[in-house]
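Residue numbering restarts at 1 for every chain, and letters A, B, ... go by the order of the sequence lines.
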There are 2 protein chains.
Amino acid sequence: MSGKEIRRSMPLFPIGTVMQLTELSARQIRYYEEHQLISPARTEGNRRLFSLNDIDRLLEIKDLIDQGINMAGIKQLLLVKEQQSNIQEAHTEKAKRELTDEQLRTLLRNELMHLGRMNRSSLRQGDLSRFFH
Amino acid sequence: MSGKEIRRSMPLFPIGTVMQLTELSARQIRYYEEHQLISPARTEGNRRLFSLNDIDRLLEIKDLIDQGINMAGIKQLLLVKEQQSNIQEAHTEKAKRELTDEQLRTLLRNELMHLGRMNRSSLRQGDLSRFFH
DNA sequence: ATTAAATGTTAGGAAATCTTACATGAAATT
DNA sequence: AATTTCATGTAAGATTTCCTAACATTTAAT
């Protein structure tokens with residue numbers, strides 16, 4: 001688990017890139033941070049640096065905004081979904097440890113088909129995974 | 001082919017991020033561009049923006065430099081390896097189209113094990129794929 | 001009609017990056 | 001041994017991008 005998470009939480013992108021990737025304005029992104037929906041890292045010089053996780057989250061936020069949900073609602077939803085996916089991830093891990101070879105083959109195929117995002121929250125359309133691999 | 005390539009060639013990273021990811025100095029990175037080993041995109045305001053492919057390439061360059069190869073040599077090597085991987089990619093594509101289900105299962109499992117980078121140039125140690133997925 | 005929430009816009013300042021030029025150390029060449 | 005070349009460091013001055021803070025605007029709820 002830690003490997004994948006470390007990479008996806010690595011601060012890489014300046015706000016300009018994130019604007020393009022998410023089609024959100026700088027104002028919106030900063031506003032969402034102000035309301036603690038995201039907490040991007042900072043450079044030494046105080047510039048925001050966003051991770052893949054941050055961008056994923058922003059795309060989710062955008063979706064929820066489109067559905068008319070306000071900051072408070074989104075905050076709660078993101079919290080719940082985070083817990084959910086943690087739980088599910090734990091289950092998945094456990095399941096994997098107990099699989100036979102045959103079952104593993106099937107699982108791997110499925111994971112590949114779903115672009116390795118099987119166990120993440122998924123009601124949003126525009127997923128960042130489309131940008132990589 | 002185009003899908004994966006479009007994503008990996010998308011300009012996303014400022015030079016500061018690339019410096020950290022590659023442990024190269026700005027001077028080095030610009031020097032390599034000057035010698036046409038890479039050609040990162042530019043923002044409207046003329047700032048360099050690097051893609052995953054660019055970063056991969058820089059890691060390769062770093063390796064080759066460590067092996068004592070000079071700019072001219074590296075340029076040629078990168079050219080050859082690019083052609084090579086293009087050819088191999090074509091072969092891989094063709095092979096995939098001709099596979100049976102059973103063979104496909106095995107292939108998919110192997111690809112997964114190799115983190116989907118099977119057919120790329122591979123004599124360098126520090127591959128960018130460790131940062132993603 | 002008023003208020004609140006989300007976003008736009010502007011201003012002034014600071015950080016990151018740009019190009020260009022010169023400096024330096026190590027290798028190669030003469 | 002002296003000179004040249006290659007790869008990199010460093011510095012200066014200009015430009016771009018991003019920062020915060022404040023005020024403006026729009027839309028929806030009261």
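Rounded to whole angstrom, the span from the CG atom of A:Leu49 across to the P atom of D:dC18 amounts to 10 Å. Between the CZ atom of A:Arg48 and the P atom of D:dC19 there is a distance of 4 Å, rounded to whole Å. The interatomic distance linking A:Met19 (CE) with D:dC18 (P) rounds to 8 Å, in whole Å. Note: CZ (B:Phe50) to C1' (C:dT17) measures 11 Å, nearest angstrom. We find that CD1 of B:Ile65 is positioned 10 Å from C1' of D:dT8, with the value rounded to whole Å. For the pair A:Ile29 CD1 and D:dC18 C1', the computed distance is 12 Å after rounding to whole Å. What separates CD of A:Glu44 from P of D:dC19 is a distance of 16 Å, to the nearest Å. B:Gln20 places its CD atom 11 Å from the P atom of C:dA16, with the value rounded to the nearest Å.
Between B:Gln28 and B:Thr22 there is no side-chain heavy-atom pair separated by less than 4.5 Å. Side-chain contact between A:Ile61 and A:Leu78 is present, with heavy atoms from C-beta onward closer than 4.5 Å. Within the 4.5 Å cutoff, the side chain of B:Leu24 has no heavy atoms near those of the B:Val18 side chain. Contact of the A:Leu21 side chain with the A:Phe50 side chain is not registered, since no non-hydrogen atoms from C-beta on lie closer than 4.5 Å. In this structure, B:Leu79 and B:Gln76 have side chains that are in contact, with non-hydrogen atoms separated by less than 4.5 Å.
When the shell of 6.0 Å around CD of B:Glu34 is examined, it contains more than 12 heavy atoms from other residues, nucleotides or ligands.
A salt bridge is defined here as a Lys NZ or Arg NE, NH1 or NH2 lying under 4.0 Å from an Asp or Glu carboxylate O, and B:Arg8 with B:Asp56 meets this definition. The pair B:Lys94-B:Glu89 does not meet the salt-bridge criterion, since no charged nitrogen lies less than 4.0 angstrom from a carboxylate oxygen. Between A:Glu33 and A:Arg42 a salt bridge is recorded (basic side-chain N to carboxylate O distance below 4.0 Å).
Residues from residues 68-75 of chain B with heavy atoms under 4.0 angstrom of DNA chain D, sorted by number: B:Asn70, B:Met71.
Within the 4.0 angstrom heavy-atom criterion, base atoms lie near B:Arg30.
The A:Tyr31 side chain lies nearest to C:dA5 when the options are C:dC18, C:dA5, D:dC18. The side chain of B:Ser25 lies closest to D:dG9, out of D:dG9, C:dC18, C:dG8. Comparing C:dC22, D:dC18, C:dG8 by their nearest atom to the side chain of A:Ile15 picks out D:dC18. Listed candidates were C:dT7, C:dT19, D:dC18. Nearest to the side chain of A:Gln28 is C:dT7. With distances taken from any side-chain atom of B:Arg47 to the nucleotides D:dT16, C:dT19, D:dC19, the minimum falls on D:dT16. Of the candidate nucleotides D:dT10, D:dC18, C:dA16, D:dC18 has the atom lying nearest to any side-chain atom of A:Pro14. Listed nucleotides C:dT9, D:dC19, C:dC18 differ in distance to A:Arg27; the shortest reach to its side chain belongs to C:dT9. Closest to the side chain of A:Thr43, out of C:dC18, C:dG8, C:dA16, is C:dA16.
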Tabulate atom names and distances for all N/O pairs under 3.5 angstrom spanning the protein and nucleotides 27-30 of chain D.
none

Side chain to side chain contact (heavy atoms under 4.5 Å, CB included), that's the test. Do B:Met71 and B:Gln36 meet it? Break it down for me. CA-CA 9 Å; B:Met71 296 296 109; B:Gln36 301 167 35; over 6 Å; no
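Nearer the 5' end of DNA chain D, as judged by each residue's closest nucleotide, is the contact made by B:Ala26, out of A:Thr17 and B:Ala26.
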